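Below: one structure, written as structure tokens.
In what follows, chains carry the letters A, B, and so on, assigned in the order in which the sequence lines appear, proteins first and then strands, with residues in each chain numbered from 1. Since the structure is predicted, the reported quantities are computational estimates derived from the model, not experimental observations.
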Amino acid sequence: MIDPDLEAVEKAKQGDKRAFSKLVDQYYEMVYAVCFGVLQLREPARDTAQEVFLKVYQEISHFKGGSKFKTWLYRIAMNAAIDAVRRRKRQVSLDATDASEDDEQAPVIIPDSGPGPREDAAGEEMKKLMKLALEQLSPEHRAVLVLREWEDLSYEEIAETLQIEIGTVMSRIFYARKKMGEALQRMGAGPAVIRRKPESQR
Amino acid sequence: MISEPDEKKIGKIYREILTEGMDPKKLRAEKKAFIELYFAPPPPSFFRPFSWASAAAVGAVSVLLLGILPNGFLREISLNQSTIQKTAGETEGEISDGEEIVFSPNPETQFRAREKIVISHVSSEVGPTVVYQKNVDQVPVAVVWVVPNAGKS
């Protein structure tokens, strides 16, 4: 197994910032994508991605080369993104103490997408439903999904990255797709009336 | 169980959602700013061989230019310099016996304006270090005087 990043990593271990900046340049979009896939929010995803690189720079001397640098980076990014989701949830639960219980449980009718070709409107509606379905997934499920659907990693690679069993990877992907499939079915069933958390709780 | 077409459709919509969350232009700008902020290479150092080489090259070129410049040109420059005139005038003269010399600012008033220092406590615990402290009630400042070679005879 030859790691294409090994040379840059070795230089970065010696404190070569220029070498590390090449790694940042190469993997910034990838790390952002996985963070966004888990967090579903742009700015927190950006902040988390940048925190990941700063952490990796500090910890790079601990990288022993047992896996590829990219795999190690994925792992750190995933853990950071999942932690960020949990931190946000804790923060939101503290902030949301003023909100009334009734408001939280009130059904929200997803607004009509407005005028336009029927297919476009249906597509937009579908995306909204899918986003809501994604929000209801746990960060661990979203992590597996983004690695599979966006990064195109195999089940084995996902298992290695997240250090979980392949069976767990498969079950998480199955569950995530099922949830999204339900959104598809709901779309075909008529007006989308679902329970949705207020925007402040996302 | 999800059918294969549905699976593909889910994957397609999912990727669209992620694409919407990624503005490539904005991402590039953020990446550039981030790299510049944290991982920009340090400015060129005086002690780096590259700087020495550059300085040596500039010096060598200067010497070469001076060597090949015609003597007439150099003489012209020196003549031009002699034409520079004095811009600031000087006043010279003697001070008569009865005339009072006035210093500005007046040193007497200056020194009088300073607060009188009262030494309320003096202690010396570590040999050459002498500590003088003004009255703490008035001015809570400790003054430490270090006398080199004090205590050595």
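- Atom-to-atom distance recorded for A/Lys131:NZ and B/Tyr14:OH is 12.5 Å, nearest 0.5 angstrom.
- Using a 4.5 Å heavy-atom cutoff, the side chains of A/Trp150 and B/Thr19 are in contact.
- Contacts between residues 18-28 of chain A and chain B, defined by a heavy-atom separation under 4.5 Å, are made by A/Arg18, A/Phe20, A/Ser21, A/Val24, A/Asp25, A/Tyr28.
- If you measure heavy-atom distances from A/Ala33 to chain B, the contacts under 4.5 Å come from both the backbone and the side chain.
- Atom CD of A/Glu7 has 12 or fewer neighbouring heavy atoms from other residues, nucleotides or ligands inside a 6.0 Å radius.
- Surrounding OH of A/Tyr175 are at most 12 heavy atoms belonging to other residues, nucleotides or ligands under 6.0 Å away.
- With sequence neighbours left out, A/Arg87 forms a side chain to side chain donor-acceptor pair (under 3.5 Å) with no residue at all.
- With a threshold of 4.5 angstrom between heavy atoms, B/Leu18 approaches chain A through its backbone and through its side chain.
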Side chains of residues 57-66 of chain A: which donor-acceptor pairs under 3.5 Å do they make with residues two or more places apart or in other chains?
{"unit_1": "A/Glu59", "atom_1": "OE1", "unit_2": "A/His62", "atom_2": "ND1", "d": "2.9"}

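- Annotation: maximal heavy-atom pairing with chain B below 4.5 Å, among A/Lys178, A/Arg46, A/Arg148, occurs at A/Arg46.
- Looking at residues two or more places apart in sequence or on another chain, you find no salt bridge (charged side-chain N to carboxylate O under 4.0 Å, His left out) involving A/Arg75.
- Put simply, of A/Gln50, A/Met180, A/Glu29, the one with the most heavy-atom pairs under 4.5 Å next to chain B is A/Gln50.
- Of the two parts of A/Arg42, only the side chain, counted from C-beta on, holds a non-hydrogen atom closer than 4.5 Å to a non-hydrogen atom of chain B.
- For A/Leu145, the parts lying near chain B are the backbone and the side chain together; criterion is any non-hydrogen pair under 4.5 Å.
- Within a 6.0 Å radius of CE in A/Met30, other residues, nucleotides and ligands contribute more than 12 heavy atoms.
- With rounding to the nearest 0.5 angstrom, the CZ atom of B/Arg15 is 8.0 Å from the CG atom of A/Asp152.
- Salt bridge present: B/Glu20 and A/Lys127 bring a charged side-chain N and a carboxylate O closer than 4.0 Å.
- Atom NZ of B/Lys26 sits in a sparse spot, with 12 or fewer heavy atoms from other residues, nucleotides or ligands closer than 6.0 Å.
- Note: A/Glu149 CD to B/Ile10 CD1 = 8.5 Å, rounded to the nearest 0.5 Å.
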